[in-house]
> 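This is the structure I have questions about; it appears just below.
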Amino acid sequence: MHVLSTFGKSSTVTAAPKDTCAVVAYGVAEYDRAALPGLRKQVGPAGGPPLTPSFVRHQDDQTIVGLAAIFAAISAAGLDPKVLHSWGVVATPRFLGRPLMATALPKFIAEGAWSVSPHTIPYLSLHSIAGAISQALHIHGPNFGAGGGPDGEIEALLAGMAMLSAYSLPGVWVVLIGWEPELVPNATDDESSPFICRAIALALKPSGTGGGDLQLSIEPAAHATPRPRAAAPTLPSSRMQVLAAILHDRHYAAAHWPLPGGGLLAWRRGTEGREG
Amino acid sequence: MIRQGKKRRPAEPGHDPEVWITGVGAATPLGNSYAAIADNLLAGRSGIRAVSNFDVNSHPSKIAGWIEPAPTPPGCDADAFARLDSRQKLTLWCCVTALRDAGWWERRTEVRVGLVLGAGAEWLLGWEEDGLKGGTNVMDPEKDTASIVQVMQRELLISGPVLTVSAACASGNYALAQAKRWLELGWVDVCLAGAGDLGVTPMSLAAFGNLRALSRRNEQPQAASRPFDRDRDGFVVGEGGAMFVLEAAETASRRGAHAYAAIAGCGASSDAHHMVIPSPDPEPASAAMRQALSYARLDPADIDYVNAHATSTPVGDAGEARVLHAVFGEAIKDIPVSSTKSMTGHLLTAAAAVEALACLTAIERQAVPPTINLDNPDPACDLCHVPHHARPHRVRAAVSNSFGFGGSNTCLVLKAV
């Protein structure tokens, strides 16, 4: 459940954010199934060589799209990759491994133990994408997977925000990935709603360290009251689409996701009531 | 039973508020309660046996530290419990028994209780369990409605945020570090943290076996997990879980709670080297250990016990020995080091959590658990070993290392309170 708000001049947001961090860079990657083999061959830093075939060969599609999003973020913000080496990484895929498991299970039932790929656990566990990102970017700070199922995006944002201060990090990548709609193995694409693998990579830094149009904060209670200014475009339906909308589209200034006992607020800096 | 500890003075003003462990719930190959597990660890018993709950004829490794299904926790409805899947049952058992142990079960709705759970392959294992019974959940996303943490939120009636974390073998240490930070940030009043894994499944055992990571000492299950031994040939998969109740020292002290230990420091780093093989460079793992010690405000020589990650693999155990030498220097000759995986097997995502429990045992019982099967220590693992039998030892501060697949290095420092 989310609240997407278009703020007018007299914002009704009144509560001071308790814990805030800034999104200093972001990247969005969206690929349909037909485009993924091509992406797999070329994913890599902008202007640099693609990641090696041996590295990408066994990675899941969600990992590849997540990497594309993070490289896009680095390029768009002009970040120096070397300063990222001490950052942390949190990655949340959604239902990672479904397509492979859909073929591996009947194969195991028919053929037995030898048929199970040794790559299943290293590449399809919840930790796998964060580990792959740390390798691809030579990041030596902490890395772990978060969420992995419904509500994974919220879990990952919470985890990333806490990770920043838990290890006194200069920054944390939070990478959200998933198929929208959720991939049904063996299903053909519906032209009106094709399966899209979407990833958003957010570079979080402690608030006040400079930069960052978008802020994230944990609120002790739900304070934001939406007040649409005008007829808004079609509201996005998923959390990732909501975040992408706030990042890209000035019609949207904030989103609020309830948490037990409070909420997670994503808001554009400069919105009245949110200065500084 | 609610244990009343002595009222203890919380941390002095100006210092970081301390976070204490006040409750433990667990299910492991060595037992389903903290007391039973502690007894068996110090007795040097092995929980590893031949796998007999599914067909392993075509599996390279046929042994594991497997557990029986978790029993219905006290106070929970048996019929409702029976409807949960095996991972949910394990987690609920650990959470309920931890909350009861801490004295928070009856009062859990009065405070914001959060949950941070280490879980690595929740959906893969769920699809496997369902598929082997003839189900089709893997093909139908609409059937995947709730994660384990969401089910726990509902079953436990807890009102704080919940989070699944995964860093392979290091998951439990990350869970404890996240929970500690949530308490410091004021996001929760009490936090359940730990990890669980039921990785002894037909496909999981096959996958690890095909990775050539497992011991094939099938004729001698209890001798197969041999960390630091010259004749080690791979790890033995184990399963189970451990959950802890964390709260601010001030809260615990005010209500007279028993404290197992303080979480004094958490350090973490990444190898950024390989999806499976640990880095030959000891520096990233050393950095994690140094960070944990720094946060704990301890020197290496202040440590009384190291619970090593050491899984019984030829490469990993020697690599960790190099890390310990790099961090502790000469002091490592006198600091007892043991790997309790020799008795439990490698509990995968749950390893760090169960090994934190082993450190609590050392602190509480003032004795270091042994590394069993350590008949011929590998010269490349030149450490102050504790072979075969527990050693009475003054333990005020203990370190638990956990280094996961994907190069996640974590270190936890626990201190007596």
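Worth knowing before you read on, the calculation uses all heavy atoms, side chains too, and leaves out hydrogens, waters and symmetry mates. We name chains A, B, ... by the order of the sequence lines, and we start the count at 1 in each one.
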> Which one, B:Gln291, B:Gln178, B:Glu122, leads in non-hydrogen pairs under 4.5 Å with chain A?
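Top option by heavy-atom pairs under 4.5 Å: B:Gln178.
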> Under the side-chain contact (heavy atoms from CB on, under 4.5 Å) rule, what do B:Val149 and A:Glu155 come out as? Steps first, then yes or no, please.
CA-CA 10 Å; B:Val149 292; A:Glu155 294 181 51; 4.1 Å; yes
> Going by atom types alone, do B:Ser269 and A:Tyr167 pair a side-chain donor with an acceptor below 3.5 Å?
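Short answer, no.
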> Please look at B:His59 and chain A and tell me whether the side chain, the backbone, both or neither of the residue comes under 4.5 angstrom of a heavy atom of that chain.
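Answer is both: backbone and side chain atoms of B:His59 are under 4.5 Å from chain A.
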> Atom CE in A:Met163, atom OH in B:Tyr174: separation rounded to 0.5 Å?
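The distance works out to 5.5 Å.
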> When only pairs under 4.5 Å are counted, which of A:Thr120, A:Leu158, A:Ile109, A:Leu183 shares the most heavy-atom pairs with chain B?
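Option with the greatest count: A:Leu158.
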> With B:Ser166, which of A:Thr92, A:Leu126, A:Ile129 fulfils side chain to side chain contact (heavy atoms under 4.5 Å, CB included)?
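Of all the options given, the one that passes is A:Leu126.
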> Can you tell if the side chain of B:Tyr295 reaches within under 4.5 Å of the side chain of A:Ser168, non-hydrogen atoms only?
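In short, these two side chains touch, coming nearer than 4.5 Å.
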> Do you know which of B:Thr349, B:Asp55, B:Val162, B:Val165 has the most heavy-atom pairs under 4.5 Å to chain A?
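Maximum pair count with chain A is reached by B:Val165.
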> Would you compute the distance between atom CE of B:Met275 and atom NE2 of A:His127 and round it to the nearest 0.5 angstrom?
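One gets 6.0 Å once the value is rounded to the nearest 0.5 Å.
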> Output yes when a side-chain donor or acceptor of B:Ser270 lies under 3.5 Å from a complementary backbone atom of A:Ser134, and no otherwise.
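Not a single qualifying donor-acceptor pair exists.
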> Among A:Leu96, A:Ile133, A:Val116, A:Val184, which residue has the highest count of heavy-atom pairs closer than 4.5 Å to chain B?
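Most heavy-atom pairs within the cutoff with chain B belong to A:Val116.
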> Highest number of heavy-atom pairs under 4.5 Å with chain A: which of B:Ser58, B:Ala167, B:Ala207, B:Pro141?
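The option with the most such pairs is B:Pro141.
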> Using a cut-off of under 4.5 Å for heavy-atom pairs, which of A:Ala146, A:Ser165, A:Ser117, A:Ala91 has the most such pairs with chain B?
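That would be A:Ser165.
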> Roughly how far apart are B:Asp271 CG and A:His138 NE2, rounded to 0.5 Å?
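Reported value, rounded in 0.5 Å steps: 13.5 Å.
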> Using a cut-off of under 4.5 Å on heavy-atom pairs, state which of A:Ala159, A:Ser125, A:Gly97 scores highest against chain B.
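Answer, by heavy-atom pair count under 4.5 Å with chain B: A:Ala159.
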> Heavy-atom distances under 4.5 Å only: say whether B:Val276 touches chain A with side chain, backbone, both or neither.
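Looking at B:Val276, just its side chain touches chain A.
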> For chain A, find which of B:Pro284, B:Ala287, B:Gly406, B:Pro202 contributes the most heavy-atom pairs closer than 4.5 angstrom.
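That would be B:Pro202.
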> Heavy atoms only, distances under 4.5 angstrom: which of A:Ser86, A:Gly131, A:Pro99, A:Pro118 has the most pairs with chain B? Name it, please.
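Sorted descending by pairs with chain B, the first entry is A:Pro118.
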> Using non-hydrogen atoms only, which part of B:Asn57 is less than 4.5 Å away from chain A: side chain, backbone, both, or neither?
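It is neither, since no heavy atom gets under 4.5 Å.
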> What part of B:Asp189 gets within 4.5 angstrom of chain A, counting heavy atoms only: side chain, backbone, both, or neither?
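For B:Asp189, neither part sits under 4.5 Å from chain A.
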> Could you check which of B:Gly131, B:Ala168, B:Ala206 has the highest count of heavy-atom pairs closer than 4.5 Å to chain A?
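The answer is B:Ala168.
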> How far does NE2 of B:His273 sit from CD of A:Gln135, to the nearest 0.5 angstrom?
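Between atom NE2 of B:His273 and atom CD of A:Gln135 there are 8.0 Å.
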> Determine the option with the most heavy-atom pairs under 4.5 angstrom with chain B, choosing from A:Gly149, A:Pro106, A:Gly147.
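Top option by heavy-atom pairs under 4.5 Å: A:Gly147.
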> Is there a side-chain contact between B:Ser204 and A:Ile121, using heavy atoms and a 4.5 Å cut-off?
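They are in side-chain contact.
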> Measure distances from A:Gln59 to the heavy atoms of chain B and classify the residue's part below 4.5 Å as side chain, backbone, both or neither.
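Just its side chain gets close to chain B.
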> Starting at CG of B:Leu163, measure out to CG of A:Asp151 and round the result to the nearest 0.5 Å.
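The CG atom of A:Asp151 is 11.5 Å from CG of B:Leu163, to the nearest 0.5 Å.
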> Is it true that, when you exclude A:Asn186 itself, more than 12 heavy atoms of the residues, nucleotides or ligands shown sit nearer than 6.0 Å to its CG?
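Counting neighbours around CG of A:Asn186, 12 or fewer heavy atoms of other residues, nucleotides or ligands fall under 6.0 Å, so no.
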> Between B:Glu142 and A:Glu182, is the side-chain contact (heavy atoms from CB on, under 4.5 Å) condition met? List the steps.
CA-CA 9 Å; B:Glu142 292 196 5; A:Glu182 179 59 24; over 6 Å; no
> With a 4.5 Å limit on heavy-atom distance, are the side chains of A:Phe95 and B:Trp127 in contact?
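Of all side-chain heavy-atom pairs linking B:Trp127 with A:Phe95, at least one is under 4.5 Å.
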> Once you round to the nearest 0.5 Å, how far does CG of A:Leu105 lie from CG of B:Leu132?
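The CG atom of A:Leu105 sits 6.0 Å away from the CG atom of B:Leu132.
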> Could you check A:Arg94 against B:Trp123 for side-chain contact (heavy atoms from CB on, under 4.5 Å), going step by step and ending with a plain yes or no?
CA-CA 10 Å; A:Arg94 203 183 304 135; B:Trp123 303 101; over 6 Å; no
> Would you confirm whether B:Asn210, through its side chain, and A:Ala113, through its main-chain N or O, come within 3.5 Å as a donor-acceptor pair?
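Such a contact is found between B:Asn210 side chain and A:Ala113 backbone.
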> For B:Pro161, is it the side chain, the backbone, both, or neither that has a heavy atom closer than 4.5 Å to a heavy atom of chain A?
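For B:Pro161, the contact with chain A is made by backbone and side chain together.
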> Pick one of side chain, backbone, both or neither for A:Ala136, based on which atoms fall under 4.5 Å of a heavy atom in chain B.
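For A:Ala136, there is no contact with chain B at all, as no heavy atom is under 4.5 Å.
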